[in-house]
There are 2 protein chains.
Amino acid sequence: MGLSKKESFDTLQNRIADFSKALGHPARIAILQFLANQNSCMCGDIVEELPLSQATVSQHLAELKRVGLIKGEFDGPKVCYCIDKKVWNEAKDLLSQFMVDVKKCC
Amino acid sequence: MGLSKKESFDTLQNRIADFSKALGHPARIAILQFLANQNSCMCGDIVEELPLSQATVSQHLAELKRVGLIKGEFDGPKVCYCIDKKVWNEAKDLLSQFMVDVKKCC
DNA sequence: TTTGTCTATCGTAATATTACGATAAAAGTT
DNA sequence: AACTTTTATCGTAATATTACGATAGACAAA
């Protein structure tokens with residue numbers, strides 16, 4: 001089909017998968033690293049940094065926004081993106097807890 | 001285009017993204033949790049546990065195998081899947097390091 | 001108000017993912 | 001050898017993702 005049967009899985013499983021999916025593209029990893037290492041958080045600077053078009057970068061930013069990992073604030077005509085610390089910590093805790101739990105198995 | 005420009009990003013970024021992508025579906029999260037919590041690691045038992053067809057489960061197992069997070073051993077006509085601890089730890093370290101590094105930003 | 005800058009969105013095309021039934025392949029059993 | 005069980009793969013369809021040019025909308029500056 002192509003339809004993801006999300007409703008068949010529990011909230012936690014969907015949440016872990018959703019955060020992971022958002023991290024599942026090297027451009028989005030690069031965006032997050034850029035936000036972490038630079039003073040700048042301007043969308044335009046991100047576009048210059050990445051080997052992708054402005055439209056594509058905007059799409060990746062939208063995906064990160066969708067899961068809440070970043071948020072954007074308007075600063076004149078520009079937009080300043082920033083990690084949402086609250087959500088970021090939630091993702092970090094969820095993922096690391098999951099990975100520790102699974103590790104216990106064998 | 002639809003072509004992922006992986007070659008434009010560095011090895012580490014691709015590796016983090018690739019592990020994340022493999023974790024980016026609730027069925028695969030459920031499979032890993034099942035492997036962690038049950039004594040069984042038989043493919044057939046996983047199929048029974050999940051609300052998905054045998055063919056679909058096999059596809060998800062193949063994706064987890066592709067990135068190396070699990071490995072399968074033949075046990076008669078059955079296949080016993082297991083977390084690959086070495087790769088699992090690598091993924092865990094990569095992801096948690098990444099998330100800690102990015103957190104430092106704002 | 002006109003102009004320029006910045007970013008989101010639209011339209012579109014290519015590719016990837018998800019899902020399942022059917023079939024094939026591998027191994028043990030009768 | 002024929003049969004059963006188990007799992008991978010093939011074929012196919014629906015949907016999602018990735019990418020980009022073009023355009024629209026928002027804002028500041030001239």
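Chain letters run A, B, ... following the sequence lines, proteins first and then strands; every chain starts at 1.
- Nucleic acid contact for A:Lys21: sugar-phosphate only, since backbone atoms but no base atoms lie under 4.0 Å from a heavy atom of the residue.
- Nearest heavy atoms, B:Ala22 versus B:Glu63: CA-OE2, 3.8 Å.
- The separation between B:Arg66 atom CZ and D:dT9 atom P is 14 Å, rounded to whole Å.
- Rounded to an integer number of Å, the gap from B:Phe9 CZ to D:dA19 C1' is 11 Å.
- Straight-line distance from the CG atom of A:Leu52 to the C1' atom of D:dT17: 13 Å, rounded to whole Å.
- Between A:Arg28 atom CZ and D:dT18 atom C1' there is a gap of 9 Å when expressed in whole angstrom units.
- Between A:His60 and D:dA19, a side-chain N or O to OP1/OP2 separation shorter than 4.0 Å is present.
- Taking only side-chain nitrogens and oxygens, B:Thr56 comes nearer than 4.0 Å to OP1 or OP2 of C:dC20.
- Counting to the nearest Å, the P atom of C:dT18 and the CD1 atom of B:Ile31 are 11 Å from each other.
- One atom, CD of B:Glu63, and another, P of D:dT7, lie 20 Å apart when rounded to the nearest Å.
- Under a 3.5 Å cut-off, the side chain of A:Asn14 and the backbone N or O of A:Lys6 do form a donor-acceptor pair.
- Of the options A:Asp45, A:Leu50, A:Ile29, a side-chain contact (heavy atoms from CB on, under 4.5 Å) to A:Phe34 is made by A:Asp45 and by none of the others.
- In this structure, CD of B:Glu48 is placed 13 Å from P of D:dT5, rounded to the nearest angstrom.
- Remark: SG of B:Cys80 is found under 2.5 Å from SG of B:Cys41.
- The number of heavy atoms from other shown groups lying within 6.0 Å of CD (B:Glu73) does not exceed 12.
- Comparing A:Gly76 and A:Gly24 against DNA chain D, the residue whose closest nucleotide sits nearer the 5' end is A:Gly24.
- Atom CD of A:Gln59 is separated from atom C1' of D:dA16 by 11 Å (rounded to the nearest Å).
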Are any protein N/O atoms closer than 3.5 Å to N/O atoms in nucleotides 2-8 of chain C? If there are, list each pair with its distance.
residue	atom	partner	partner atom	Å
C:dT7	OP1	A:Cys43	N	3.4
C:dT7	OP1	A:Gly44	N	3.4
C:dT7	OP1	A:Val79	N	3.1
C:dT7	OP2	A:Gly44	N	2.7
C:dA8	OP1	A:Tyr81	OH	2.0
C:dA8	OP2	A:Ser58	OG	2.7
C:dA8	N7	A:Gln54	NE2	2.9
C:dA8	N6	A:Gln54	OE1	2.9

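- Distance alone, capped at 3.5 Å, is enough to place a donor-acceptor pair between the A:Asp10 side chain and the A:Gln13 backbone.
- Annotation: salt bridge (Lys or Arg N to Asp or Glu O under 4.0 Å) contacts of B:Glu90 (sequence neighbours excluded): B:Arg15.
- B:His25 has a side-chain polar atom (N or O) that falls below the 4.0 Å cut-off from OP1 or OP2 of C:dA19.
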